[in-house]
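Read the structure below first, then the notes.
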Amino acid sequence: MNFLELAKARYSVRKFDNSRPVEPEKLEKIIEAGLVAPTAKNIQPFRVYVLKSEEAVAKVNALTPCMYGAPLALLICWQTEEAWQNPLTPAYNSGEMDASIVCTHMMLEAWELGIGSCWVGFFDHAAVAEAFQLPETEKPAALLPLGYAAADAKPAPKHAESRPKEELVKEL
């Protein structure tokens with residue numbers, strides 16, 4: 001499958017088979033995909049927490065309804081003191097964007113390996129930081145539940161819908 005086919009086939013899995021664990025070698029490949037993701041000036045201000053212990057998964061389940069029965073999740077964060085600061089736009093830094101690129105790489109690698117995921121932003125960031133005792137300078141960007149899709153999992157009804165290209169892409 002080429003990249004565009006992979007990108008089109010991937011969907012947010014919202015029902016996992018939690019009886020089938022993600023193999024350690026596949027999890028390592030998913031993490032490796034995040035480690036090679038591009039970041040501003042290659043500063044790599046991200047941190048990835050693998051939440052797979054019974055205690056960690058219970059904490060995530062208490063913090064968001066969006067685990068969907070996944071056996072594990074990745075918590076992708078960014079460091080405020082490490083992120084590239086744009087000197088032309090003082091209020092802007094690359095941290096959340098860098099973490100998002102890392103998350104995207106891992107999400108797509110997971111799909112290629114037959115592992116489903118769902119990008120989750122529906123959680124209280126401060127509560128997650130507190131629950132996992134993140135340093136003050138570390139900010140959660142996303143949760144990425146991972147696992148094998150349940151046999152009856154399917155894309156959301158709007159998955160294949162897209163606004164017209166003319167609305168989204170402009171040539172200047």
Side-chain angles (χ1 to χ4, degrees), residues 1 6-7 9-39 44-83 94-159:
M1 177 179 318
L6 177 111
R10 191 227 150 252
Y11 66 90
S12 293
V13 174
R14 291 184 174 89
K15 188 172 185 183
F16 290 92
D17 176 357
N18 67 6
S19 69
R20 186 173 173 201
V22 175
E23 297 87 342
E25 61 276 8
K26 288 187 178 183
L27 182 57
E28 282 303 312
K29 285 183 177 184
I30 292 165
I31 290 169
E32 183 179 355
L35 296 176
V36 301
T39 61
Q44 303 167 10
F46 64 91
R47 300 295 184 274
V48 177
Y49 293 89
V50 180
L51 310 176
K52 65 180 186 176
S53 71
E54 193 174 303
E55 178 188 357
V57 171
K59 280 184 188 180
V60 177
N61 278 315
L63 293 162
T64 181
C66 300
M67 272 295 280
Y68 305 113
L72 70 101
L74 302 178
L75 170 58
I76 301 93
C77 301
W78 60 280
Q79 282 281 340
T80 59
E81 294 180 353
E82 294 177 13
S94 67
E96 190 166 19
M97 187 181 305
D98 289 337
S100 294
I101 295 167
V102 168
C103 189
T104 299
H105 268 229
M106 292 189 298
M107 178 181 67
L108 293 171
E109 176 64 15
W111 190 260
E112 202 217 3
L113 295 170
I115 307 292
S117 67
C118 184
W119 186 302
V120 174
F122 184 63
F123 59 92
D124 180 325
H125 290 222
V128 166
E130 182 180 332
F132 292 103
Q133 300 177 339
L134 300 180
E136 181 89 11
T137 59
E138 208 161 284
K139 305 298 178 195
L143 284 164
L144 190 66
L146 293 171
Y148 287 95
D152 59 344
K154 59 184 183 256
K158 295 176 104 181
H159 171 74

Any side-chain heavy atom of [X] sitting closer than 4.5 Å to one from [Y]?
X: Trp78; Y: Thr39; answer: no
X: Leu146; Y: Leu27; answer: yes
X: Leu6; Y: Trp111; answer: yes
X: Glu138; Y: Tyr49; answer: yes

Measuring from [X]:[atom1] to [Y]:[atom2], what's the distance to the nearest 0.5 Å?
X: His105; Y: Ser100; atom1: NE2; atom2: OG; result: 12.0 Å
X: Phe46; Y: Leu35; atom1: CZ; atom2: CG; result: 5.0 Å
X: Ile30; Y: Glu109; atom1: CD1; atom2: CD; result: 7.0 Å
X: Leu143; Y: Ile76; atom1: CG; atom2: CD1; result: 7.0 Å
X: Phe16; Y: Ser117; atom1: CZ; atom2: OG; result: 6.5 Å
X: Leu51; Y: Leu72; atom1: CG; atom2: CG; result: 8.0 Å

Taking every non-hydrogen atom, the tightest pair across [X] and [Y]:
X: Ala99; Y: Ala141; value: CB-CB, 3.7 Å
X: Thr104; Y: Trp119; value: OG1-CZ3, 3.4 Å
X: Ser12; Y: Cys118; value: CB-SG, 3.8 Å
X: Cys103; Y: Ala142; value: SG-CB, 4.2 Å
X: Val22; Y: Tyr148; value: CA-CE1, 4.3 Å
X: Pro140; Y: Leu134; value: CG-CD1, 3.8 Å

Evaluate whether atom [atom1] of [X] has more than 12 neighbouring non-hydrogen atoms of other residues, nucleotides or ligands under 6.0 angstrom away.
X: Lys26; atom1: NZ; value: yes
X: Glu23; atom1: CD; value: yes
X: Glu25; atom1: CD; value: yes

[X] (side chain) donor-acceptor with [Y] (main chain) under 3.5 angstrom:
X: Ser94; Y: Met97; value: no
X: Lys139; Y: Glu136; value: yes
X: Thr64; Y: Phe122; value: yes

Next on the checklist: As a quick check of understanding, evaluate side chain to side chain contact (heavy atoms under 4.5 Å, CB included) for Leu144 and Val120, giving each step before the final call.
Outcome noted: CA-CA 6 Å; Leu144 190 66; Val120 174; over 6 Å; no
Checklist entry - Under a 4.0 Å N-O cut-off, is there an ion pair linking Lys59 with Glu55? => result yes
Checklist entry - By salt bridge (Lys or Arg N to Asp or Glu O under 4.0 Å), which residues pair with Glu82, not counting sequence neighbours? => result Arg47
